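Here is the structure we will look at, set down as structure tokens.
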Amino acid sequence: MNELNSLIEALSRGNCIRQVLVMTAFFVTGYLFCMACRVKNRERLLYAYPAGLALFALSGYLMLCLGIPFGRISVVTVMLLIAVISLVISVKKGLLLPAGHKREEERVPKGAPEGTISRELIKTCVVFAAFILISFILCLNVFRVAVDNDSFYFFSVFPNAIVSEGRYAANFDSLLTDAAPIGSIVFTLPYLFGFSETFGIMYMTDLCMLLVFTCLNYSCLEKQMDKKGALVSCIGITLFLATSSAYLTSAKWVMAGVYFMSYYFFTLAIGYEISHMEKGIRPYALMTLFIMMTAMLRHEGFIMVLVLILSFSALKGFGGRELLAFCVIPVILEAVLYYIRIFAILKIDPLYAFLTREKACVMIAAGIAVAIWVTLPRNRLPGLFGKSFVIVLPLGLLLLNLMILILRHERFLTNLYMFYFNIRTRAGWGLFGYEAFLLFIILLIKAFIKKEGWLTFFDSLMISYVLAVLIVCYGRGDNLRQGIGDSGNRVLLTAVPIMVLSMSQRLLLWRKPDE
Amino acid sequence: MQRTSSKSKIITIVIICAVLVALNMAVYFREFTRHITLRGYLPGWQLLYEPDYAIEGIAQDTLIRDIIRDRTVLVPREERPYSEYPYYGHRYKEGNLFSFEYYTENNYLRYFREYAGAVIVDESLPDVYDISRRGGTREGFTNLGQGYDMLRYSFLANHHVEEVNDCFYYTFQYTVDPYYQHDDMLNINVAAEGLDEADTLVALWDDGENLYLMSESYYREHGGEVFHE
């Protein structure tokens, strides 16, 4: 046994530093990309690492779908190209200003004190140094992780095979229809760059998500509370989320779910922020990057992203053309590419598959329907896209659920019962189910007393998300089951950050926000 | 825009959050140990494989792939396509006949071709049927457990269009079929001595698909007494 321990230790030499270097490369590439997208410096630092990881995963995904050899050289080449192009764009647009040069209005607000640019540079350097330090800590596996069979096989053996082949191969068979497409690509990192696991990468993604959660919550709360109250509240709420078993089950579990939960939230946050920005300087490219990443992180991600896009259409700040160009068309195209690759070119036809040709067609049809919805009727039925749409969307999804209930009541009710059972028996939920139920009662009483007959954007998204989960779990094909590992249970757990955000805002805000 | 936030409101928020956080942390460990399907562990090394797995006999695959990565593996025989086996074409006929020796002879070879740096066939090595099948392990080797899961995913490495090997369903052969449910089958054994520094490894297996992985130098030094019976 001592020899085995020595062997394990010898095999792991260099793994920590390699993982840290990869994470640092993601931060730098992501930072440059965000800068070229005209993201403000504070948000740039927040989104740099997630953007870098998304650039890697999405470019890998496109390479595999298009049949371009996928390996270390091609990946590094693409990432370098992105970094260089982003830098060139930034320089040409004057977004990269050393201290002492003429200020640009969009980087430095009018009336800002002297030395703002050098302060920004110092802040960036400090954050970069902190990032490297935190990466080291996270890659030393200070925190526990949770693994199960899928962690070892769907997200280890399969990604290893992708790297070995350098392409999607027909003999991958049902893993192409069952394993998360972009999720699997994230897990190719160890095999591309010579380390063994992705725990540090996973935890850094979690940390970024919690920071983005805090910032988004703060930006909403400070509109109706003073800064101190808003800061204290959102830190407390973030701590509650970060210590909640329902969040940690997804955050610590070495699967695609943690990335799906995080990137769905990144997309939500950047989309919400963009909707409140002036039209000239919106970082659409970043939103497109995140939404494309999220849509194919898991197979059902495509439907969940369509729900998010429909929710965005309720925000005043988004026009139909913007949503079509920067959200709907990119996610439809990337899904179509994948389906063509596996069904038409590789001709995958497993005996058992989660994703079938029929389901793929249904999903593309849903995407086309959303494309039509966000563009055509907007000018003709303004009421539905105004304040009513936050109610119309969840009602529409409720109607869909009722239709499924009528047509397939046995399976639907079984699934519904399994969701309830897993929450009640705390299968991964901890006490969150009970806390959320209690909070829901309090919110109902508050709404009744204060006559709050309105839904916010986040309320609508939370309800729509849960209803959409019921639909995709029905579409899965099999009945859900008891236990933490049930796929429906795991998908519903990814709704927790949105639930916490929505309910905390509902509790603390005293009037409907201007959305 | 009116902003409201009294001191008492802030204090109330802090107290509620503190209580909820304390409650979460109090139940945390108990919640996570309830779920036996999840292994929560604190990895001491930077590998997916944990030393405890050897005692429990699980997830050998994660260690084997780390061992063979970027290294040359010597194997005793070349791969044979299923069309050369007696029951080729009989799979979906009455009786569902299938040549199990197809897996026995070829799975490990395909696995190494997929995940090792290079594979070289050395016919001087003892072949599958030259090594007597036995349960447990052999002197100098550590038994990592039975590799059902390791081999049920070997179809990933199959480049032949065979009548059964492109189908995930066949993995039940390794997990359910009673043919494989024996102590003297599917054991994964590793001779750790000198393994971390070796560039070339030797992989042998018997007709029970018991794998023996070692460094070439270890095989040259001890292989005769361990395998040539």
Side-chain angles (χ1 to χ4, degrees), chain A residues 1 3-12 15-16 19 139 141 144-149 152-153 156-158 160-161 164 170-175 195-197 199 223-226 228-229 232-233 236-237 239-240 243-245 252-253 350-352 426-428 430-431 435 483-485 510, chain B residues 1-5 9-10 13-14 16-18 20-21 23-25 27-28 31-32 34-35 37-49 51 54 59 61-63 65-67 69-70 114-115 142 149 153 155-161 165-169 190 192-193 195-197:
Chain A
M1 202 54 165
E3 275 184 342
L4 189 66
N5 288 352
S6 303
L7 173 65
I8 291 169
E9 200 172 325
L11 288 173
S12 70
N15 283 356
C16 174
Q19 200 180 167
C139 290
N141 299 331
R144 288 180 180 271
V145 295
V147 293
D148 77 333
N149 215 51
F152 293 127
Y153 294 99
S156 180
V157 173
F158 177 48
N160 199 167
S164 298
N171 48 286
F172 290 170
D173 197 57
S174 67
L175 285 179
F195 49 97
S196 184
E197 37 75 6
F199 307 149
K223 287 173 185 159
Q224 293 188 29
M225 297 170 83
D226 65 272
K228 193 174 170 186
V232 167
S233 302
I237 292 162
L239 280 173
F240 165 71
T243 55
S244 172
S245 292
K252 289 160 39 119
W253 199 339
L351 285 178
Y352 172 80
R426 313 199 319 268
L431 298 176
E435 291 161 348
I484 189 174
W510 57 278
Chain B
M1 189 183 300
Q2 184 184 357
R3 292 177 181 181
T4 61
S5 185
K9 191 174 178 183
I10 294 174
I13 292 167
V14 168
I16 292 172
C17 287
L20 287 173
V21 168
L23 197 60
N24 282 342
M25 299 195 58
V27 302
Y28 171 77
E31 288 301 309
F32 267 87
R34 293 175 68 239
H35 305 293
T37 56
L38 274 185
R39 292 183 57 89
Y41 72 98
L42 190 67
W45 291 283
Q46 306 302 311
L47 295 186
L48 194 56
Y49 189 78
D61 176 65
T62 58
L63 181 63
R65 279 184 290 127
D66 275 313
I67 292 172
R69 179 195 281 184
D70 297 330
E114 190 74 7
Y115 298 116
T142 304
D149 278 331
Y153 284 84
F155 73 95
L156 283 168
N158 185 355
H159 293 259
H160 295 291
V161 181
N165 284 294
D166 289 331
C167 300
F168 187 77
Y169 88 96
V190 167
E193 183 185 315
L195 201 55
D196 55 319
E197 290 157 358

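Just so it is clear, the model here is predicted, and its values are computed rather than measured. In the text below, chain A, chain B and the rest are named by the order of the sequence lines, each starting its count at 1.
- Separation of the A:Phe172 and A:Phe158 ring centroids falls under the 6.0 Å cut-off.
- The two atoms that bring B:Ala54 and B:Tyr49 nearest to each other are N-OH, 3.2 Å, heavy atoms only.
- Taking every heavy atom of both residues into account, A:Gly229 and B:Ile10 meet most closely at CA-CD1, 3.6 Å.
- Ranked by heavy-atom pairs under 4.5 Å with chain B, the list A:Asn160, A:Leu239, A:Ile237, A:Asn15 is led by A:Asn160.
- For the residue pair B:Arg65/A:Ser196, the side-chain donor-acceptor check at 3.5 Å is not satisfied.
- With a 4.5 angstrom heavy-atom cutoff, B:Ile13 touches chain A only via side-chain atoms.
- For the options B:Ile16, B:Val14, B:Leu20, heavy-atom pairs under 4.5 Å to chain A are most numerous at B:Leu20.
- Atom CG of residue B:Leu195 and atom OG1 of residue B:Thr142 lie 10.0 Å apart, to the nearest 0.5 angstrom.
- For a residue to count as touching a neighbouring chain, one of its non-hydrogen atoms must lie under 4.5 Å from one of that chain's; by this rule B:Ala18 does not touch chain A.
- Contact of A:Phe240 with chain B is made through backbone and side chain together, with heavy-atom distances under 4.5 Å.
- Residue B:Ile67 touches chain A through both its backbone and its side chain, counting heavy-atom pairs closer than 4.5 Å.
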